[in-house]
Amino acid sequence: MTKHIFVTGGVVSSLGKGLTSASMGMLLESRGLRVRMQKLDPYINVDPGTMSPYQHGEVYVLDDGSETDLDLGHYERFTSGPLTRDSNYTTGQIYLSVIEKERKGQFLGKTVQVIPHITNEIKSVIRRMGGPDVDVVITEIGGTVGDIESLPFLEAIRQFAIDIGRENCLYMHLTLVPYLKAADELKTKPTQHSVGDLREIGIQPDILVCRCERSISREDREKIALFCNLPVSSVIEEKDKDFSIYEVPLSLVDNGLDQLIVDHLKLTTAKPLDITPWTDLLHRLRNPRHEISIAVVGKYAEHKDAYKSIYEAIDHAGIHHNTQIRVGRVQSSDIEREGVERLLAGYQGILVPGGFGERGIEGKVQAIRFARERGIPFFGICLGMQCAVIDYGREVVGLSGAHSTEFDKNAPHPVICLLDEQRNVTDVGGTMRLGSQPTSLVAGSRAAEAYAGHDIEERHRHRYEFNNAYRQAFVDAGMWFSGTSPDGQLVEVIELPNHPWFLAVQYHPEFKSKPLQAHPLFSGFVGAAIDRHLQRTESDR
């Protein structure tokens with residue numbers, strides 16, 4: 001029978017439930033267990049697809065086209081179990097499903113209520129994750145205990161243990177144990193109150209993971225255990241990690257979390273823990289051979305979570321090359337005001353990620369031109385590719401005023417446009433291309449060399465495409481369309497063959513990068529930046 005672990009959070013938000021859940025999944029997989037991951041979000045939006053990156057961070061896209069919470073990125077980077085649209089539900093999706101059933105008369109005229117109808121719907125989406133090929137399902141409940149939005153989810157997981165048997169269910173609660181400098185001591189009272197709130201709902205945590213700045217003494221752990229009604233061995237310390245988030249799994253192992261879970265759920269299929277690849281990864285992180293700087297020029301550069309997967313993928317490439325990478329987060333709108341030379345000089349590589357909206361577009365175009373003309377390794381992703389096309393169209397092909405119709409409906413040369421605009425269709429739906437789609441790579445291209453193959457699949461999230469009416473003009477001017485859809489109609493990858501490393505893609509490769517398996521394009525980009533660094537170092541001698 002599938003066992004279920006429910007992860008909740010208390011005291012404050014942003015405690016790292018997603019990272020802890022992902023680390024726990026990785027540890028259980030390392031013990032030979034088959035794990036599935038799920039996130040239940042309490043906000044009413046149907047999905048995060050239209051939410052501001054400033055509020056929600058990046059939108060993480062799955063193979064099936066689902067637009068999901070960024071925590072699913074942690075799940076995929078740390079674990080190998082498949083993620084689908086069943087892996088992320090919001091309050092909006094739950095209520096929408098129940099309302100649609102009510103409109104169809106499926107409740108036979110009954111009064112539709114939070115209990116049992118909403119909670120039954122929540123339990124049904126949790127139940128979908130299990131099965132004969134799944135040993136453990138880890139379900140993270142978003143938000144914080146005490147939030148009114150989270151109550152239906154907490155009530156549902158309380159009921160779930162009754163449905164499947166308490167012995168098949170484990171509740172893990174993340175909480176904050178703050179350090180007060182004036183008193184020079186850790187305070188356990190917030191944790192006591194948070195667990196008290198859970199117990200009022202009817203949930204007794206089996207394991208407490210205590211986030212803290214400083215180590216928790218045995219005395220404080222005993223105090224927490226006493227007031228929260230659980231053994232001292234079930235009070236786990238999780239200190240802040242200054243070096244790398246990839247230390248989290250090892251910290252949890254040091255505190256015996258994986259064994260606690262195995263013992264509590266009586267997981268007889270588990271084998272001894274083997275995390276040798278993870279310890280090797282951390283050794284490479286701590287002992288780099290080189291150090292380079294890469295600029296990420298974006299619209300939301302000051303908000304780290306907006307490009308979470310980009311930064312992680314860069315780190316993975318650094319691990320692959322045994323290189324420490326200093327990332328400079330450069331606002332594209334600042335380039336427009338302060339100048340590209342002032343903000344980008346000294347970087348060994350420039351990456352321009354995706355985004356929506358007109359603000360900062362010209363700054364991205366200037367950054368790409370700077371990389372192209374100076375021979376600096378450049379990697380463009382989604383809108384980054386479109387901006388590379390705009391720059392090349394204006395400066396090399398000779399198309400004055402080249403632009404995207406997303407930003408200039410009356411551009412004299414719409415080198416980027418909606419597909420329907422290419423077909424002269426006036427009623428434009430603007431449907432996004434979402435999820436995993438195939439790409440055919442040209443033999444001998446830098447892209448094909450990086451992937452070591454010609455047929456790939458990558459995840460998309462965009463509306464606008466390269467305008468094929470201009471394809472021949474770009475080819476004649478030296479641009480190489482090294483990847484297209486299998487039918488040749490959609491441009492997926494562009495390159496400049498006479499540049500040290502100038503490559504841009506329409507899709508989002510960052511979503512398929514893992515710490516133990518860097519994405520080949522990020523690896524190629526970082527490798528080129530390292531080469532530039534070494535060449536410059538040698539020439540300075």
Side-chain angles (χ1 to χ4, degrees), residues 4-25 36-62 66-79 83-98 114 118-119 121-126 128-129 137-160 170-176 194-195 197-198 201 203 205 207-209 211 238 245 248 303 305-306 308-309:
H4 288 262
I5 299 174
F6 296 105
V7 182
T8 57
V11 184
V12 294
S13 59
S14 302
L15 282 179
K17 293 192 303 295
L19 187 56
T20 301
S21 298
S23 299
M24 182 165 52
R36 295 286 301 277
M37 307 287 298
Q38 184 181 50
K39 173 76 180 289
L40 302 180
D41 277 306
Y43 53 77
I44 298 175
N45 305 66
V46 172
D47 61 50
T50 57
M51 295 173 70
S52 167
Y54 291 111
Q55 287 196 4
H56 191 267
E58 74 174 2
V59 176
Y60 192 83
V61 179
L62 304 180
S66 303
E67 296 178 289
T68 70
D69 184 82
L70 63 81
D71 276 335
L72 273 75
H74 289 311
Y75 301 167
E76 280 208 316
R77 287 187 283 270
F78 279 67
T79 68
L83 298 182
T84 68
R85 61 184 68 255
D86 285 333
S87 302
N88 190 203
Y89 279 89
T90 69
T91 293
Q93 288 171 311
I94 296 294
Y95 272 79
L96 181 62
S97 177
V98 171
V114 173
I118 297 298
T119 52
E121 187 69 21
I122 294 170
K123 288 191 292 183
S124 74
V125 304
I126 296 171
R128 284 176 211 162
M129 299 295 291
V137 173
I138 300 173
T139 299
E140 175 193 348
I141 309 298
T144 306
V145 171
D147 294 344
I148 192 170
E149 297 94 337
S150 300
L151 286 175
F153 293 101
L154 297 174
E155 171 61 19
I157 65 173
R158 181 195 69 80
Q159 296 176 17
F160 200 84
L170 183 149
Y171 296 111
M172 189 173 84
H173 188 57
L174 259 76
T175 183
L176 179 68
S194 180
V195 173
D197 289 342
L198 261 184
I201 295 167
I203 296 174
I207 296 174
L208 277 183
V209 176
R211 292 296 314 278
E238 188 179 334
I245 61 171
V248 172
H303 185 48
D305 280 351
K308 184 69 175 176
S309 293

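Heavy-atom basis, side chains included; hydrogens, waters and symmetry copies ignored.
Residues Ile203 and Phe6 fail the side-chain proximity criterion, which asks for heavy atoms closer than 4.5 Å. Here the side chains of Met37 and Ser21 are in contact, with some heavy-atom distance below 4.5 Å. Val114 places none of its side-chain heavy atoms less than 4.5 Å from the side chain of Glu155. In this structure, the side chains of Met172 and Thr20 come closer than 4.5 Å at one or more pairs of heavy atoms. Contact annotation: the side chain of Tyr95 never approaches that of Val46 to less than 4.5 Å [non-hydrogen atoms, C-beta and beyond]. Between Asp41 and Phe153 the shortest side-chain heavy-atom distance does not fall below 4.5 Å. Side-chain atoms of Ile122 and Tyr89, non-hydrogen and from C-beta on, never get closer than 4.5 Å to each other.
The CD atom of Glu140 sits 9.0 Å away from atom NE2 of His74, with the distance rounded to the nearest 0.5 Å. The distance from atom CD1 of Ile141 to atom CD1 of Ile157, rounded to the nearest 0.5 Å, is 4.5 Å. Atom CG of residue Leu15 and atom OG1 of residue Thr144 lie 7.0 Å apart, to the nearest 0.5 angstrom. The OG1 atom of Thr139 sits 6.0 Å away from atom CG of Leu40, with the distance rounded to the nearest 0.5 Å. Note that the OG atom of Ser150 and the CD1 atom of Ile201 stand 8.5 Å from one another [nearest 0.5 Å]. The distance from atom NE2 of His4 to atom OH of Tyr171, rounded to the nearest 0.5 Å, is 11.0 Å.
What you find for Phe78 and Leu19 is that their closest heavy atoms are CZ-CD1, 3.5 Å. Considering all non-hydrogen atoms of both residues, Leu83 and Tyr75 come closest at CD1-CB, 4.0 Å. Between Tyr43 and Met51, the shortest heavy-atom distance links the atoms CE1-SD, 3.8 Å. Closest approach of Leu198 to Thr8, counting heavy atoms only: CD1-OG1, 3.8 Å. Nearest heavy atom pair, residue Glu58 against residue Ser309, reads OE2-OG, 2.5 Å. Pairing each heavy atom of Pro152 with each of Ile118, the nearest pair is CB-CG2, 4.2 Å.
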Checklist entry - Given the rule in the side-chain contact (heavy atoms from CB on, under 4.5 Å) test, do Thr68 and Ser87 qualify, once you have shown the distances and angles that lead to the verdict? => result CA-CA 9 Å; Thr68 70; Ser87 302; over 6 Å; no
Next on the checklist: Set out, in order, the CA-CA distance, both residues' side-chain angles and the distance that settles side-chain contact (heavy atoms from CB on, under 4.5 Å) for Val7 and Ile138, then state yes or no.
Outcome noted: CA-CA 7 Å; Val7 182; Ile138 300 173; 4.0 Å; yes
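Under a 3.5 Å cut-off, the side chain of Asp147 and the backbone N or O of Glu149 do not form any donor-acceptor pair. Side chain of Lys39 to main chain of Leu70: no donor-acceptor pair is present (N/O by atom type, distance under 3.5 Å, no hydrogens or angles). With hydrogens and angles ignored, the 3.5 Å screen pairs no side-chain donor or acceptor of Asp47 with any backbone N or O of Glu67. At least one donor-acceptor pair closer than 3.5 Å links the side chain of Gln38 to the backbone N or O of Asp86. Listed for the Arg211 side chain is a donor-acceptor partner under 3.5 Å among the backbone atoms of Glu238. Gln159 contributes no side-chain N or O that, together with a main-chain N or O of Ala156, makes up a donor-acceptor pair within less than 3.5 Å.
Heavy-atom contacts from other residues, nucleotides or ligands closer than 6.0 Å to CD1 of Ile44 number 12 or fewer.
In summary, the side chains of Glu121 and Ser97 do present a donor paired with an acceptor at a separation below 3.5 Å, with no hydrogens or angles considered.
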